[in-house]
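A short worksheet on the structure shown next.
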Amino acid sequence: MEYRALRGVEDLIPPESLRFERVVDAFKRVVERAGFKEVILPVFEEARLFTRSVGESSDIVKKEMYVFEDKGGRVIALRPEGTASAVRAYVEHGVYAKEPFTKWFYVGPMFRFERPQAGRKRQFFQAGVELFGFSQPGADAELIKVADDILKELSVEATLEINSIGCKECRPKYREALIEFLKERVGQLCPDCVERFERNPLRVLDCKNEGCRQVVSGAPKITDYLCDGCREHYEKVKEYLNLLGVEFRENPFLVRGLDYYTRTVFEFKSSGLGAQSTVLAGGRYDYLIGEIGGPETPALGFAMGIDRVMLLLPELEEKREGVFVITRGEEAYREGLELVNFLRSKGIKAEIDHRQGSFKAQMKAADRVKAEFAVIIGEEEVKEGFYSLKELSTGKQEKVETREELLARL
RNA sequence: GUGGGAGUAGCUCAGUUGGUGGAGCGCCGGGUUGUGGCCCCGGCGGUCGCGGGUUCAAGUCCCGUCUCCCACCCCA
């Protein structure tokens with residue numbers, strides 16, 4: 001084959017593309033009835049937007065971004081995630097002034113230069129929401145509830161883990177305590193964690209290595225170091241989640257890979273995905289808007305991995321729908337073309353077989369496209385002026401005289 | 001970026017010690033001169049991922065490369 005899709009990107013052709021649409025439809029249905037409005041954002045931005053927001057030390061920025069220089073000498077990056085652009089747009093358009101309490105959602109491709117694996121592609125799709133302006137714990141709970149609703153709507157089984165990673169006040173104190181604890185045990189950590197210990201000690205907490213987990217199990221918990229404000233906030237979030245009937249598990253070692261998170265963080269994980277088990281994740285990021293150059297504005301959001309959700313989607317039986325027109329002879333074909341046009345104008349799905357093969361071949365085609373009805377127009381029908389309408393699920397066939405009568409029988 | 005496994009028909013896979021490539025499913029057609037699904041019969045369909053090497057001879061052995069899968073890593 002001379003041309004192939006590049007490594008880590010894939011085409012979605014039917015029926016995969018239909019599964020994709022099903023996920024997006026369910027997502028939109030749930031978030032729209034919760035009052036979120038869609039934003040359509042660029043797939044590339046100045047690279048430094050991501051460096052600033054996602055974090056210089058994060059792997060996403062350090063080694064996974066598609067960065068290039070455009071013809072005007074600008075340093076561009078294909079977006080590796082959606083929040084940075086949403087925040088940039090919120091600030092750029094002064095939305096904080098016009099509509100300080102804003103609920104947005106977005107759907108689209110993201111790009112990360114990673115080694116491909118199931119549930120991890122170089123171009124992948126995320127559907128996400130962002131809530132700007134709300135500092136109250138009720139917003140955290142509502143956000144998580146919306147996420148839970150989406151997964152339920154899709155019948156995707158996932159377990160929810162939550163944690164609070166504190167704020168500017170308390171996190172540094174915890175970080176110090178953790179470093180203090182780990183310092184004496186560096187020898188017991190895996191090589192990756194030795195490096196994490198230097199760069200971002202919190203990441204040692206969610207290492208999968210058995211030895212590291214042993215060490216970590218005795219480590220100080222951030223929840224014991226939260227300041228009064230963060231502790232109260234976290235307690236309220238949990239209280240509201242219980243009120244809303246959302247099941248969750250507290251994981252004091254849950255941390256996230258993006259630098260902008262504060263206070264509430266959460267992850268929905270599925271057992272059906274192998275190593276890439278997170279299907280939806282997010283949290284609060286109260287300082288990000290300020291850092292991007294907007295007014296200090298509390299915010300929170302999440303992103304769902306559409307590709308990953310698709311992998312978990314149960315197969316759906318395609319149901320029969322519409323009409324397939326079968327004809328023989330030029331006169332019948334012309335009548336068929338007009339009939340199809342008529343039905344479509346009435347909102348009915350209608351197709352015609354242009355190949356004019358045998359009735360058997362055309363019936364087979366009608367069956368394959370999962371039509372509910374076949375309309376047969378042959379010599380007899382043309383001569384005597386009627387349509388033969390066959391219901392494919394039952395095999396029952398009847399004569400109908402006019403288009404209107406046909407329409408009434410569908 | 002690291003480690004492991006795999007690439008043969010559209011799909012799932014057989015292919016014996018190297019000797020001119022098969023099955024099932026699917027697709028097209030026929031059995032039914034005007035009727036789908038079940039059954040029977042026939043047909044189309046392959047540079048054996050790509051490139052190089054060994055050999056009289058390579059799907060089969062060797063090297064390289066690309067892609068996919070799994071794990072690490074990372075993350076949605």
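All chains are named by letter (A, B, ...) in the order of the sequence lines, taking the proteins before the strands, and each is independently numbered beginning at 1. This is a predicted model, so every value here is computed, not measured.
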Any salt bridge between [X] and [Y], counting N to O under 4.0 Å?
{"X": "Arg19(A)", "Y": "Glu16(A)", "value": "yes"}
{"X": "Glu239(A)", "Y": "Lys236(A)", "value": "yes"}
{"X": "Glu235(A)", "Y": "Lys238(A)", "value": "yes"}

Note to self: Is a donor from one side chain sitting under 3.5 angstrom from an acceptor on the other, for Glu291(A) and Ser53(A)?
What the structure shows: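 Side chains of Glu291(A) and Ser53(A): no pair found under 3.5 Å.
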
Margin query: Other residues, nucleotides and ligands only: do more than 12 of their heavy atoms fall within 6.0 Å of CD on Glu38(A)?
Written below: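 Correct, the count exceeds 12.
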
Notebook entry, point to check: More than 12 non-hydrogen atoms from neighbouring residues, nucleotides or ligands closer than 6.0 Å to CD on Glu398(A), yes or no?
Noted result: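 Counting neighbours around CD of Glu398(A), more than 12 heavy atoms of other residues, nucleotides or ligands fall under 6.0 Å, so yes.
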
Rounding to the closest angstrom, what is the interatomic distance between [N] and [M] at atom [atom1]?
{"N": "U20(B)", "M": "A58(B)", "atom1": "P", "result": "11 Å"}
{"N": "C56(B)", "M": "G43(B)", "atom1": "P", "result": "39 Å"}
{"N": "G22(B)", "M": "G34(B)", "atom1": "C1'", "result": "39 Å"}
{"N": "G10(B)", "M": "C72(B)", "atom1": "C1'", "result": "35 Å"}
{"N": "G7(B)", "M": "G15(B)", "atom1": "C1'", "result": "15 Å"}

When we call it a touch if two heavy atoms are under 4.0 Å apart, what does [X] touch: a base, just sugar-phosphate, or nothing?
{"X": "Gly119(A)", "result": "base"}
{"X": "Arg308(A)", "result": "base"}
{"X": "Ile306(A)", "result": "nothing"}
{"X": "Ala361(A)", "result": "sugar-phosphate"}
{"X": "Ala281(A)", "result": "sugar-phosphate"}
{"X": "Ile376(A)", "result": "base"}
{"X": "Phe124(A)", "result": "base"}
{"X": "Gln362(A)", "result": "nothing"}
{"X": "Gln117(A)", "result": "base"}
{"X": "Glu10(A)", "result": "nothing"}
{"X": "Gly128(A)", "result": "nothing"}
{"X": "Gly82(A)", "result": "nothing"}
{"X": "Arg196(A)", "result": "sugar-phosphate"}

Notebook entry, point to check: Hey, does the side chain of Arg79(A) reach the backbone of Pro109(A) with a donor-acceptor pair shorter than 3.5 angstrom?
Noted result: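 Checked: pair present.
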
Base [N] paired with [X] side chain (donor-acceptor, <3.5 Å):
{"X": "Gln397(A)", "N": "U35(B)", "value": "yes"}
{"X": "Arg256(A)", "N": "C74(B)", "value": "no"}
{"X": "Arg115(A)", "N": "G3(B)", "value": "yes"}

Complementary nucleotide for [N] - Watson-Crick or wobble, under 3.5 Å:
{"N": "G29(B)", "value": "C41(B)"}
{"N": "A76(B)", "value": "none"}
{"N": "A71(B)", "value": "U2(B)"}

For the pair made of [atom1] in [X] and [atom2] in [N], what is the distance, rounded to whole Å?
{"X": "Leu202(A)", "N": "C75(B)", "atom1": "CG", "atom2": "C1'", "answer": "17 Å"}
{"X": "Arg122(A)", "N": "C66(B)", "atom1": "CZ", "atom2": "P", "answer": "11 Å"}
{"X": "Leu273(A)", "N": "C75(B)", "atom1": "CG", "atom2": "P", "answer": "17 Å"}
{"X": "Lys208(A)", "N": "C73(B)", "atom1": "NZ", "atom2": "P", "answer": "5 Å"}
{"X": "Tyr387(A)", "N": "U35(B)", "atom1": "OH", "atom2": "P", "answer": "22 Å"}
{"X": "Lys364(A)", "N": "U35(B)", "atom1": "NZ", "atom2": "P", "answer": "14 Å"}
{"X": "Arg203(A)", "N": "C72(B)", "atom1": "CZ", "atom2": "P", "answer": "14 Å"}
{"X": "Phe111(A)", "N": "C75(B)", "atom1": "CZ", "atom2": "C1'", "answer": "16 Å"}

Check: Under 30°, 30 to 60°, or over 60°: which ring-plane class applies to Phe101(A) and Phe134(A), parallel, tilted or perpendicular?
Finding: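 Phe101(A) and Phe134(A): tilted rings.
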
Item checked: Minimum-distance nucleotide to Ile60(A) side chain [options: C75(B), A76(B), G37(B)] ->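 So the nucleotide nearest the side chain must be C75(B).
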
Counting just side-chain N and O atoms, does [X] come under 4.0 Å of either OP1 or OP2 of [N]?
{"X": "Lys121(A)", "N": "C69(B)", "answer": "yes"}
{"X": "Lys360(A)", "N": "U32(B)", "answer": "no"}
{"X": "Gln276(A)", "N": "C74(B)", "answer": "no"}
{"X": "Arg199(A)", "N": "C73(B)", "answer": "no"}
{"X": "Arg120(A)", "N": "C75(B)", "answer": "no"}

Check: Starting at the 5' end of RNA chain B and moving along, which residue's nearest nucleotide shows up first, Asp192(A) or Leu6(A)?
Finding: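 Comparing both residues, the 5'-ward one is Leu6(A).
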
Note to self: Both Gly395(A) and Thr278(A) contact RNA chain B. Which one's nearest nucleotide lies toward the 5' end?
What the structure shows: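 Between the two, 5'-proximity favours Gly395(A).
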
